[in-house]
Chemist: 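Dumping the structure here so I can ask a few things about it.
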Amino acid sequence: MYVSARSFYEPILVTEFVAKHVKPQDVSKPMSDEELIKVKKALKGVKVQLTHREFAKRYKIAGVTSQPTNQLIGTKPIYLPMEVCKIVEGQRYTKKLNESQRPNVREENIEAV
């Protein structure tokens with residue numbers, strides 16, 4: 001028997017994702033350059049939708065900036081605050097799993113078989 005597994009992004013707020021996967025020391029302070037690079041790498045290409053609209057348009061993350069939102073209003077491309085963005089459900093996670101993620105996938109497969 002052949003069994004395969006796929007990983008998907010959890011449909012959570014982007015701020016929750018950042019706190020869970022990048023673990024900034026204090027979320028009220030700006031991210032360090034190292035944390036910002038990790039966030040950019042983790043979220044590039046991920047689709048998000050706004051949390052404050054009933055029929056929210058979806059956006060694909062192209063990058064992340066450390067500049068405050070009030071300095072980016074009216075600029076191209078469109079910048080959205082992380083606090084109002086939620087990761088769209090059903091997106092496959094195509095990046096390589098880290099050491100802590102791999103045992104979880106194996107364990108879930110064993111339980112499913």
Chemist: Could you walk me through whether Phe8 and Tyr93 pass the side-chain contact (heavy atoms from CB on, under 4.5 Å) check?
Modeler: CA-CA 5 Å; Phe8 292 86; Tyr93 185 83; 5.8 Å; no
Chemist: Phe17 and Ala42: which non-hydrogen atoms are nearest, and at how many Å?
Modeler: CE2-CB, 3.9 Å
Chemist: According to a 4.5 Å side-chain heavy-atom criterion applied to Ile, Leu, Val, Met, Phe, Trp and Tyr, with indirect links allowed, do Ile37 and Val39 form part of one hydrophobic cluster?
Modeler: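 No, Ile37 and Val39 fall in different hydrophobic clusters.
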Chemist: With sequence neighbours left out, write down each residue that passes side-chain hydrogen bond (donor to acceptor under 3.5 Å, both in side chains) with Glu10, or none if nothing qualifies.
Modeler: Lys20
Chemist: Taking all non-hydrogen atoms of both residues into account, name the closest pair between Val22 and Glu35 and its distance.
Modeler: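 Nearest pair, atom of Val22 first, then Glu35: CG1-O, 3.9 Å.
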Chemist: For residues 81-90, tabulate all N or O donor-acceptor pairs below 3.5 Å that involve a side-chain atom, not counting sequence neighbours.
Modeler:
none

Chemist: Mind checking side-chain contact (heavy atoms from CB on, under 4.5 Å) for Pro77 and listing every partner two or more places apart, or none if nothing turns up?
Modeler: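 Per chain and number, Pro77 pairs via side-chain contact (heavy atoms from CB on, under 4.5 Å) with Tyr79.
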Chemist: Can you name the residues that form a side-chain contact (heavy atoms from CB on, under 4.5 Å) with Ser66, not counting sequence neighbours?
Modeler: Leu36
Chemist: Might you confirm whether atom CG of Asp33 has over 12 heavy atoms from other residues, nucleotides or ligands at distances under 6.0 Å?
Modeler: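 Not more than 12 within 6.0 Å, no.
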Chemist: Quick one: name the residues clustered hydrophobically with Leu13, using the 4.5 Å side-chain heavy-atom rule over I, L, V, M, F, W, Y, and just say none if it's on its own.
Modeler: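 None, because no other hydrophobic side chain comes under 4.5 Å of this residue.
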Chemist: For Tyr59, give me all partners under side-chain contact (heavy atoms from CB on, under 4.5 Å), at least two apart in sequence or on another chain.
Modeler: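 Expected list: Val48, Leu50, Lys57, Ile78, Leu80.
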Chemist: Taking atom CD as the centre, does Gln71 end up with more than 12 heavy-atom neighbours from other residues, nucleotides or ligands that are less than 6.0 angstrom away?
Modeler: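 Yes, because the 6.0 Å sphere around CD of Gln71 holds more than 12 heavy atoms from other groups.
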Chemist: Between NZ of Lys60 and CG of Leu43, what distance do you get to the nearest 0.5 Å?
Modeler: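 Nearest 0.5 Å value for the NZ-CG distance: 13.5 Å.
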